[in-house]
2 protein chains.
Amino acid sequence: MKNTNELTSALKQAGLRLTPQRLAICRFLAESKDHPTAAMIYEHLRPQYPSLSAMTVYNTLNTLVELGKVNVLGDCGDDHAHYDADTSPHINLACISCHRIVDIAIPQVEELDREVNRASGYQLLGARMMYYGLCPACQPSKVL
Amino acid sequence: MKNTNELTSALKQAGLRLTPQRLAICRFLAESKDHPTAAMIYEHLRPQYPSLSAMTVYNTLNTLVELGKVNVLGDCGDDHAHYDADTSPHINLACISCHRIVDIAIPQVEELDREVNRASGYQLLGARMMYYGLCPACQPSKVL
DNA sequence: TTCTTTATTTATAATCAATATAAATTTATA
DNA sequence: TATAAATTTATATTGATTATAAATAAAGAA
Ligand SMILES: [Mn+2]
Ligand SMILES: [Mn+2]
Ligand SMILES: [Zn+2]
Ligand SMILES: [Zn+2]
């Protein structure tokens with residue numbers, strides 16, 4: 001989890017202005033428990049910011065990713081990159097049917113993460129762990 | 001790890017013919033310890049199969065993914081999907097500088113995997129675990 | 001063998017998320 | 001206010017992947 005302020009202050013510390021558009025994007029990312037795509041963010045904010053451009057969403061997301069405050073999870077069969085404001089190592093569950101991604105708290109991640117950091121030899125910047133399958137809601141339709 | 005025969009027999013069991021092109025793609029995937037992209041597979045096989053089409057590479061990869069025999073790791077900053085013939089849960093180390101992906105054996109993955117399968121409520125089909133960072137070879141150039 | 005049908009590959013065109021570019025707008029500073 | 005810099009927006013472009021259809025190869029019948 002990550003609050004709006006962590007994202008906005010990262011932008012400010014990088015010497016960037018906190019515009020209403022950037023604030024709205026940061027707020028949506030921080031408050032969202034989904035893992036939204038750029039298109040989802042754009043569509044969600046458009047009613048409130050009618051002049052919003054998709055380019056601004058992409059630019060802000062890329063900046064936050066470069067600053068290490070947001071992770072790109074990649075697509076889950078929908079050909080859209082999903083973004084995660086929670087950069088701590090954790091398991092994401094992606095449904096290949098409805099394309100929703102949720103988190104699941106697994107304590108064993110911590111020890112795994114320690115071991116990777118100890119043994120890799122890499123200068124590590126972040127982790128993305130995805131499990132793919134059918135969510136409970138989508139299982140009935142596929143089992144029948 | 002996965003040998004060529006596991007991939008080819010999966011194609012045959014699905015009622016598909018084992019053509020020379022499909023065999024070559026399966027062999028390259030199984031023998032490769034990299035995590036090649038479609039373009040890398042295409043370029044590697046072209047000398048031996050001058051008439052090979054990129055479409056055949058994409059089609060074969062998609063089929064193997066649908067059969068659950070190959071995983072798509074997604075891109076690691078190079079805008080190319082990387083493929084992994086090892087579908088067992090394991091950690092992939094991706095270098096954000098040279099865009100190479102290697103495996104690292106971490107025993108703790110097994111217990112994590114058991115716990116996810118036990119607790120998720122999903123009908124799980126596979127896992128993709130990526131750590132991002134600078135590989136040993138790329139660290140000097142970035143540290144300077 | 002031939003003929004016929006089906007599967008597969010290849011060549012080509014199209015898609016579309018993401019990026020690049022430049023004009024319009026906003027903000028900062030003098 | 002006027003000038004300059006940063007940002008947003010509108011528009012055009014890119015490029016990996018997909019869609020489509022023609023060419024080829026394989027399978028099966030007679
Ligand atoms: Mn998450
Ligand atoms: Mn791997
Ligand atoms: Zn679902
Ligand atoms: Zn590297």
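Quick caveat: nothing in here was measured; it's all calculated off a predicted structure. Throughout, protein chains are lettered first and strands after them, A, B, ... in sequence-line order, and every chain is numbered starting at 1. Computed from heavy atoms alone, side chains included, the values below leave out hydrogens, waters and symmetry copies.
Atom CG of B:Asn59 is separated from atom P of D:dT20 by 13 Å (rounded to the nearest Å). Protein atom CG of B:Leu18 is 12 Å distant from nucleotide atom P of D:dA26, rounded to whole Å. Between the C1' atom of C:dT8 and the CD1 atom of B:Ile25 lies a distance of 12 Å, rounded to the nearest Å. We find that NZ of B:Lys12 is positioned 18 Å from P of C:dA7, with the value rounded to whole Å. The nearest whole Å value for the distance from the CG atom in B:Leu16 to the C1' atom in D:dA26 is 14 Å. A straight line from CZ of A:Arg46 to C1' of D:dT9 spans 13 Å, rounded to a whole angstrom. Taking atom CG of residue B:Leu52 and atom P of nucleotide D:dT24, one finds them 16 Å apart after rounding to whole Å. One can place CG of A:Asp78 at 9 Å from P of C:dA18, the figure rounded to the nearest angstrom.
For the residue pair A:Asp34/A:Ser32, the side-chain donor-acceptor check at 3.5 Å is not satisfied. Residues B:Asn92 and B:His90 have side chains that bring a donor and an acceptor to within less than 3.5 angstrom of each other.
Of the candidate nucleotides C:dT10, C:dA18, D:dT9, C:dT10 has the atom nearest to the side chain of B:Gln21. Comparing atom distances between the B:Met55 side chain and each of D:dT17, C:dA11, D:dT9 picks out C:dA11 as nearest. Counting only heavy atoms from C-beta on, A:Arg17 has its side chain closest to C:dT27 among C:dT27, D:dT9, C:dA18. Comparing C:dT19, D:dT8, C:dT10 by their closest approach to the side chain of A:Tyr58 singles out C:dT19. Minimum atom distance to the side chain of A:Asn62 is reached by C:dT19, of the listed C:dT9, D:dA16, C:dT19. Of the listed nucleotides (D:dA16, D:dA6, C:dA7), D:dA16 has the atom at the smallest distance from the side chain of B:His80.
In this structure C:dA30 sits in a base pair with D:dT1, meeting the Watson-Crick or G-U test at under 3.5 Å.
Expressed to the nearest 0.5 Å, how far CG of B:Asp86 lies from NZ of B:Lys2 amounts to 7.0 Å.
Heavy atoms of A:Ala54 sit nowhere under 4.0 angstrom from any nucleic acid atom. Among the protein residues, B:Asp75 comes within range of no part of the nucleic acid, since none of its heavy atoms lies under 4.0 Å from any strand. Among the protein residues, A:Thr56 comes within range of the nucleic acid bases, having at least one heavy atom under 4.0 Å from a base atom.
Aromatic rings from A:Phe28 and A:His44 are positioned such that their centres are separated by under 6.0 Å.
Side chain of A:Gln139 to backbone of A:Leu134: a donor-acceptor contact under 3.5 angstrom is found.
Phosphate proximity of C:dT8 to B:Arg22: present, with a side-chain N or O under 4.0 Å from OP1 or OP2. Side-chain N/O atoms of B:Ser53 include none lying less than 4.0 angstrom from OP1 or OP2 on C:dA11. Taking only side-chain nitrogens and oxygens, A:Thr19 never comes nearer than 4.0 Å to OP1 or OP2 of D:dA6.
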(Q) Working note: B:Asp75 + B:His99, criterion side chain to side chain donor-acceptor pair (under 3.5 Å); need CA distance, chi angles, decisive distance, verdict. (A) CA-CA 9 Å; B:Asp75 75 283; B:His99 301 143; over 6 Å; no

